[in-house]
Amino acid sequence: MYVGFIGLGVMGQPMALNLARAGTRLVVWNRTPERCEVLRAAGAEVAAGTAEVFDRAGTVFLMLADEEAVDAVLGRGTPDFARRVAGRAVVHMGTTSAAYSHDLQQDIQGAGGRYVEAPVSGSRVPAERGELVGMLAGDDDTVAAVRPLLAPVCRETFACGPVPGALLLKFSVNLFLITLVTGLAEAFHFAERHGLDRHLLRDVLDAGPMASAVSRGKAPKLLERDFSVQAAAADVLKNNRLIAEAARTAEVTSPLLDACHALFAETVRQGHGGEDMVAVLRALEARTAQGRRC
């Protein structure tokens, strides 16, 4: 039976391409039809609408921007919902609140469908290379059935227990990522303001114990002021908000996350939400120009 894939954005398109190139019988749909053409060229079939994807596929991957988009695609709250999900496995790969995912699972199972929460760690380049890290939550049988399908997309996958365990684990990972990249941008800003050779800073970081795939990927972008998107600042702000909400729900303190939240909010307000997350540098520079010390 076909596998469906809905949502061909910055992450979804390369993920779906890797599935198609691996020989997966794939049927896809995207709100912007032009983004389907590269999938068609890779052998995927392009559906006329979301209903056709569910009609033809036994498992449907959703890589959508937000909760509203997921509800719209599923027809949640309408008679279409049960017709679409009954007898199918819905794999929710986007980033939403944990509470939303939990409730969505209940609704899908109540309508006779199966549900897997499967967020991924990684940005556009790992997505293109099929090197994402997948986190899966749901009932054991459905997770076991879905997991092999992700082999062309993910370098490694991890079972995270019941929903919303996968999303909460992703939040933990992204909390570290957000603070790491913000700290890296601040370090480059600090060095630049002191007249240091920022290429030397990059070389010292690469040679030392703090080097990582993230620092090696983001430091060149900071050096060149290359803000082309891998992970958009607006998406990082959304993630930051979701993590902060989860922290508040659990009464967990998150002072570093809160500082990053303010900086990414400023970055987006300045009009840089569509740029890569290293554009948080712009908020740091703006604060310095205004004489702000925090």
Side-chain angles (χ1 to χ4, degrees), residues 7 9-12 14-15 61-67 91-102 116-138 143 146-147 150-151 153-186 209-219 221 229-250 252-261 263-264 267 276-280:
V10 170
M11 295 288 289
M15 291 164 68
F61 290 97
L62 305 180
M63 191 61 176
L64 298 164
D66 51 36
E67 298 167 5
V91 185
H92 172 38
M93 303 193 74
T95 304
T96 60
S97 75
Y100 170 85
S101 183
H102 176 271
V116 173
E117 182 183 83
V120 293
S121 178
S123 57
R124 178 178 55 81
V125 173
E128 291 171 345
R129 295 174 178 169
E131 295 177 351
L132 296 168
V133 176
M135 292 151 278
L136 285 72
V143 167
V146 166
R147 202 169 185 176
L150 290 171
V153 175
C154 296
R155 172 169 48 83
E156 197 162 357
T157 56
F158 295 87
C160 302
V163 173
L167 271 169
L168 290 173
L169 190 61
K170 178 174 180 175
F171 290 169
S172 303
V173 171
N174 279 5
L175 196 160
F176 179 48
L177 172 65
I178 292 167
T179 56
L180 180 66
V181 173
T182 304
L184 185 66
E186 188 170 325
M210 292 173 291
S212 67
V214 172
S215 67
R216 290 194 173 108
K218 296 302 187 185
K221 293 178 74 64
V229 67
Q230 293 174 339
D235 291 336
V236 174
L237 178 60
K238 169 196 159 185
N239 273 261
N240 201 314
R241 175 181 57 78
L242 291 171
I243 300 166
E245 289 174 356
R248 302 297 175 263
T249 298
V252 174
T253 186
S254 55
L256 293 179
L257 180 72
D258 295 342
C260 295
H261 197 167
L263 286 165
F264 275 97
T267 304
D276 189 71
M277 66 187 299
V278 296
V280 71

(request) Mind checking side-chain hydrogen bond (donor to acceptor under 3.5 Å, both in side chains) for N174 and listing every partner two or more places apart, or none if nothing turns up? (result) N239
(request) Report the distance from atom CG of L180 to atom OG of S212, rounding to the nearest 0.5 Å. (result) 5.5 Å
(message) I'd like to check the salt bridge (Lys or Arg N to Asp or Glu O under 4.0 Å) partners of K170; sequence neighbours left out, ordered by chain and number.
(response) none
(request) Would you give the length of the straight line joining atom OG of S254 to atom CD1 of I243, rounded to the nearest 0.5 angstrom? (result) 9.0 Å
(request) Please report the C-alpha distance between D235 and M277 in whole Å, then the side-chain angles of each, then the deciding distance to 0.1 Å, and finally whether the side chain to side chain contact (heavy atoms under 4.5 Å, CB included) criterion is met. (result) CA-CA 9 Å; D235 291 336; M277 66 187 299; over 6 Å; no
(request) List the atom of A98, the atom of L168, and the distance in Å for their closest heavy-atom pair. (result) CB-CD2, 4.0 Å
(request) For S123, check side-chain contact (heavy atoms from CB on, under 4.5 Å) against everything at least two apart and list the hits. (result) P126, Q230, A231
(message) Assess, by modelled atom type and distance only, whether the side chains of T96 and E67 contain a donor and an acceptor separated by less than 3.5 Å.
(response) no
(request) With rounding to the nearest 0.5 Å, note down the distance linking CG in L263 to CD in E186. (result) 7.5 Å
(request) Verify, without hydrogens or angle tests, whether E117 (side chain) and A137 (backbone) share a donor-acceptor contact under 3.5 angstrom. (result) no
(request) With sequence neighbours excluded, tell me which residues meet side-chain contact (heavy atoms from CB on, under 4.5 Å) with L242. (result) T95, S97, F171, K238, E245
(request) Go through the structure and list residues passing side-chain contact (heavy atoms from CB on, under 4.5 Å) with S121, not counting sequence neighbours. (result) V133, M135, V173
(message) To check you understand the geometry: which heavy-atom pair defines the closest contact between L167 and G94, and what is its length?
(response) CD2-O, 4.0 Å
(message) Quick check: do V153 and F61 have side-chain heavy atoms less than 4.5 Å from each other?
(response) no
(message) The test is side chain to side chain contact (heavy atoms under 4.5 Å, CB included); show your working for M15 and M93 and say whether it passes.
(response) CA-CA 11 Å; M15 291 164 68; M93 303 193 74; 3.4 Å; yes
(message) Going by the rule salt bridge (Lys or Arg N to Asp or Glu O under 4.0 Å), which residues pair with R124 if we only count those two or more places apart in sequence or in a different chain?
(response) E128
(request) Give the minimum heavy-atom separation between H92 and S101, together with the two atoms involved. (result) CD2-OG, 4.1 Å
(request) Without swapping roles, check the side chain of T179 against the backbone of F176 for a donor-acceptor pair under 3.5 Å. (result) yes
(request) Could you list the residues that satisfy side-chain hydrogen bond (donor to acceptor under 3.5 Å, both in side chains) with D276, not counting sequence neighbours? (result) K218
(message) If the condition is salt bridge (Lys or Arg N to Asp or Glu O under 4.0 Å), which residues does R248 pass it with, not counting sequence neighbours?
(response) D258
(request) Measure the spacing between CG of L177 and CG of N240 and express it to the nearest 0.5 Å. (result) 10.5 Å
(message) Could you report the tightest heavy-atom contact between V120 and C154, atom names first, then the distance?
(response) CG1-SG, 4.1 Å
(message) Holding to side-chain contact (heavy atoms from CB on, under 4.5 Å), I want the full list of residues that pass it with A211, two or more places apart in sequence or in another chain.
(response) S215, R216
(request) Write down the atom of T267, the atom of V280, and the distance for their closest heavy-atom approach. (result) OG1-CA, 3.4 Å
(request) Report yes if the side chains of V91 and L62 come closer than 4.5 Å at any heavy-atom pair, otherwise no. (result) no
Show which side-chain atoms of residues 155-162 pair as donor or acceptor with protein atoms under 3.5 Å away, not counting sequence neighbours.
from	atom 1	to	atom 2	distance (Å)
T157	OG1	R147	NE	2.8

(request) Could you give me the CA-CA distance, side-chain angles and deciding distance for I178 and F264, then say whether side chain to side chain contact (heavy atoms under 4.5 Å, CB included) is met? (result) CA-CA 10 Å; I178 292 167; F264 275 97; 4.0 Å; yes
